[in-house]
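Remarks on the structure that follows.
Residue numbers begin at 1 in each chain, while the letters A, B, ... track the order of the sequences. Remember, it's a predicted structure, so these values are computed and weren't measured experimentally.
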Amino acid sequence: MPVPCCRVVCVVNYERIVIVMLDPRLLRNNIEETAAALATRGYQLDVDAYNALEEKRKALQVETQDLQNERNTRSKAIGMAKRSGEDIAPLLAQVEALGGKLDEAKAALEQVMLSLNIFYQETPNVPAPGVPSGKDEDDNVEVLKWGTPPDLGFKAKDHVDIAQALNKGLDFETAAKLSGSRFVVMNGSIARMHRALAQFMLDCHTQEHGYHEVYVPYLVNSESLYGTGQLPKFGEDLFHTKPATEEGQGMSLIPTAEVPLTNIARDHIFSSDELPVKMTAHTPCFRSEAGSYGRDTRGLIRQHQFDKVEMVQLVAPETSMDALEELTGHAEVILQKLGLPYRKVVLCTGDMGFGACKTYDLEVWLPAQDTYREISSCSNMGDFQARRMQARYKSKDMKKPELIHTLNGSGLAVGRTLVAILENYQQQDGSVKVPEVLVPYMNGVTEITPA
RNA sequence: GGAGAGGUGGGUGAGUGGCUGAAACCAGUUCCCUGCUAAGGAACCGUACGUUAAUUCGUACCGAGGGUUCGAAUCCCUCCCUCUCCGCCA
């Protein structure tokens with residue numbers, strides 16, 4: 001695995017050499033408990049190996065710092081002697097061997113730090129208490145169901161067929177010509193509804209839920225991807241641009257607006273009265289879908305490029321679990337306003353994302369698939385991302401800055417919302433009703449019909 | 001793309017080899033004084049890691065990396081970024 005140029009810099013900066021993900025103190029002081037917690041999500045932490053490395057690290061760091069201290073002291077003495085006109089030759093002779101010893105110690109320390117780094121790089125976040133233990137999505141726990149799947153009274157068509165009949169509203173063939181599989185060209189009223197959905201969601205979050213609207217870059221640098229946890233482990237899920245230079249790291253297309261939005265907090269210390277920060281943005285998302293060959297090949301469900309309205313919150317640690325409930329609720333409101341039946345599940349330990357400590361998925365009812373499909377995922381990342389980003393806050397009565405907590409959630413995935421509307425609002429004659437809240441965004445159109 | 005300038009603490013901005021983790025000013029915090037306000041005075045005021053009874057001590061950090069040196073914010077090399085002017089362009 002390539003070492004990230006942005007973080008691993010040189011031996012002298014011990015603290016920057018480690019890409020910290022978990023609180024190092026969790027591993028140093030509570031490693032048994034941490035290992036047990038991680039085991040519930042299927043991650044085996046090699047406790048003995050870690051402890052051995054950590055011990056080495058400590059010894060070497062102390063040794064290195066002692067040597068540096070000696071060098072500094074002696075160099076200072078030389079300066080003073082020189083100033084007062086004394087002969088400094090004997091003093092120089094004394095420090096002769098010091099440099100070599102220091103270099104050795106530094107090199108050894110660097111090696112240990114790099115090994116230690118692997119532990120941090122590959123260790124996922126610790127699940128929050130109360131998150132159900134489980135292996136995969138089958139062990140997720142349903143929290144609630146909202147709405148009732150519509151009784152269409154005829155055999156449901158899927159969104160591909162519906163849109164095809166609506167003046168080629170979704171044109172996958174042309175998209176394949178332009179780009180390849182997993183892309184779409186939208187036409188006419190369908191394209192319009194797609195745009196309307198994003199506008200509606202943004203308006204709702206900004207006007208009713210108190211989010212600050214943000215426009216962000218769609219290409220980001222590798223630091224940002226490390227910050228939110230896509231790198232170093234999940235680089236193959238992303239589209240990368242070519243490096244500008246052989247050594248340089250090219251920019252990457254964002255897989256979600258979570259990356260630019262959350263990284264706004266990177267290397268920043270908020271004052272406590274600035275929190276919580278609530279941001280929303282509508283962006284395209286680009287995903288390589290490596291490893292999902294053959295899955296959801298039909299239709300709009302799994303695309304290399306899709307639009308999403310994202311919500312991100314930056315909050316004080318003690319409020320993050322409440323914030324997760326709130327944020328998930330904001331996503332639910334969109335589904336409710338659109339009249340789309342959904343269910344809410346809490347992900348089990350084994351199904352959660354790498355950086356999350358608790359996640360709710362919202363799954364919308366899709367008549368053609370006769371099942372619920374994910375349309376939003378809302379996660380509390382705890383301090384996991386904040387630690388990597390060095391995103392902190394400080395109040396007047398706090399001695400030191402502390403890490404903030406970060407949360408993100410889709411509110412919602414626009415393409416999948418379009419799918420859900422097409423399928424849930426389809427009528428026997430092939431037309432599709434426009435959900436009431438969307439009508440103003442569709443220039444008053446209440447129904448999409450074949451021309 | 002061409003030509004220049006520059007990157008120092010929350011901000012402005014000194015600092016060209018040693019006693020500079022860094023002047024000064026502004027902002028901020030605490031206190032004093034003046035019956036409010038305004039003005040004035042004093043102190044404090046970076047982050048990380050290690051260490052400690054301790055805000056005790058140590059180390060590192062002046063865009064990033066490397067080099068020279070006993071010693072680098074300061075000298076050398078490479079890279080990144082920002083700004084200005086010209087050209088081009090949505």
Side-chain angles (χ1 to χ4, degrees), chain A residues 2-20 22-29 53-103 105-110 112-114 116-117 120 215 217-224 226 243-251 263 265-274 383 386-404:
Chain A
V3 171
C5 54
C6 55
R7 288 288 175 178
V8 175
V9 280
C10 84
V11 261
V12 183
N13 296 331
Y14 328 99
E15 69 276 4
R16 299 201 61 189
I17 213 168
V18 169
I19 300 171
V20 188
L22 286 180
D23 187 343
R25 277 164 293 215
L26 274 181
L27 293 181
R28 286 177 196 155
N29 304 331
L53 273 174
E54 175 58 18
E55 222 165 275
K56 258 174 146 177
R57 186 220 103 231
K58 218 166 184 171
L60 281 168
Q61 181 167 341
V62 169
E63 186 190 340
T64 306
Q65 292 192 352
D66 283 349
L67 286 169
Q68 283 173 322
N69 186 12
E70 192 180 342
R71 181 203 59 195
N72 290 348
T73 313
R74 289 184 184 268
S75 290
K76 236 169 222 180
I78 291 173
M80 274 161 37
K82 200 173 176 186
R83 187 176 267 209
S84 58
E86 294 171 36
D87 179 19
I88 58 170
L91 290 172
L92 285 178
Q94 282 176 24
V95 288
E96 214 180 283
L98 209 55
K101 274 161 77 178
L102 185 56
D103 286 344
K106 280 182 179 177
L109 181 59
E110 181 177 31
V112 173
M113 294 304 264
L114 287 172
L116 212 43
N117 210 6
Y120 290 111
Y215 173 86
Y218 303 158
L219 283 163
V220 294
N221 57 31
S222 59
E223 276 96 335
S224 294
Y226 277 95
T245 62
E246 292 213 351
E247 298 194 355
Q249 181 98 30
M251 291 191 285
N263 272 282
R266 179 151 49 87
D267 293 323
H268 190 254
I269 300 177
F270 293 88
S271 75
S272 53
D273 52 18
E274 290 176 290
D383 62 12
R387 183 170 295 104
R388 313 173 75 166
M389 296 192 301
Q390 283 303 297
R392 292 168 292 177
Y393 80 109
K394 191 174 178 180
S395 68
K396 281 172 190 166
D397 44 289
M398 284 163 62
K399 261 195 235 166
K400 304 184 114 203
E402 284 179 25
L403 295 169
I404 60 170

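A:Arg266 and A:Asn221 make their closest contact through NH2-OD1, 3.9 Å (heavy atoms, listed as atom of the first residue, atom of the second, distance).
Across the P atoms, B:A42 and B:A27 are found 14 Å apart, a figure rounded to whole Å. Nucleotides B:U69 and B:U59 are separated by 23 Å at their P atoms, to the nearest Å. For B:G63 and B:G9, the C1' atoms lie 14 Å apart once the distance is rounded to whole Å. Straight-line distance between the C1' atoms of B:A22 and B:U16: roughly 15 Å, to the nearest whole Å.
The partner of B:A38 cannot be assigned: no Watson-Crick or G-U wobble pair with both contacts below 3.5 Å exists in any strand. With a cut-off of 3.5 Å on both pairing distances, B:A22 has no Watson-Crick or G-U wobble partner at all. Using N1 to N3 plus N6-O4 or O6-N4 for Watson-Crick, or N1-O2 and O6-N3 for G-U wobble, each under 3.5 Å, B:U52 pairs with nothing. Nucleotide B:A5 forms a pair with B:U82, judged by Watson-Crick or G-U wobble geometry with both contacts under 3.5 Å. Nucleotide B:C61 is matched to B:G46 when pairs are restricted to Watson-Crick or G-U wobble geometry with both distances under 3.5 angstrom. Searching all strands for a Watson-Crick or G-U wobble partner of B:U68 with both distances below 3.5 Å returns nothing.
Listed nucleotides B:U59, B:C70, B:A48 differ in distance to A:Gln390; the shortest reach to its side chain belongs to B:A48. Among the nucleotides B:C70, B:C49, B:A48, the one closest to any side-chain atom of A:Ile78 is B:C70.
Using a 4.0 Å cut-off, no side-chain N or O of A:Asn72 falls inside it from OP1 or OP2 of B:G71. Applying the 4.0 Å criterion to OP1 and OP2 of B:A60, one finds that A:Arg71 has a side-chain N or O inside that range. Side-chain nitrogen and oxygen atoms of A:Asn69 include none within less than 4.0 Å of the OP1 or OP2 phosphate oxygen of B:G58.
A donor-acceptor contact under 3.5 angstrom links the side chains of A:Gln94 and A:Arg74, judged on distance only.
In the interface, the side chain of A:Gln65 is not paired with the base of B:G50 through any donor and acceptor atom under 3.5 Å apart. Side chain A:Lys76 to base B:G71: no donor-acceptor pair is found below 3.5 Å.
Along RNA chain B, the nucleotide nearest A:Val62 and the nucleotide nearest A:Lys394 are compared for position; the residue whose nucleotide lies closer to the 5' end is A:Lys394.
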side-chain contact (heavy atoms from CB on, under 4.5 Å) assessment of A:Leu92 paired with A:Ile78:
CA-CA 8 Å; A:Leu92 285 178; A:Ile78 291 173; 3.8 Å; yes
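Rounding to whole angstrom units, CG of residue A:Leu91 and P of B:U69 are separated by 19 Å.
Among the heavy atoms of the strands lying under 4.0 Å from A:Lys58 are primed sugar atoms or P, OP1, OP2 only; no base atom is included.
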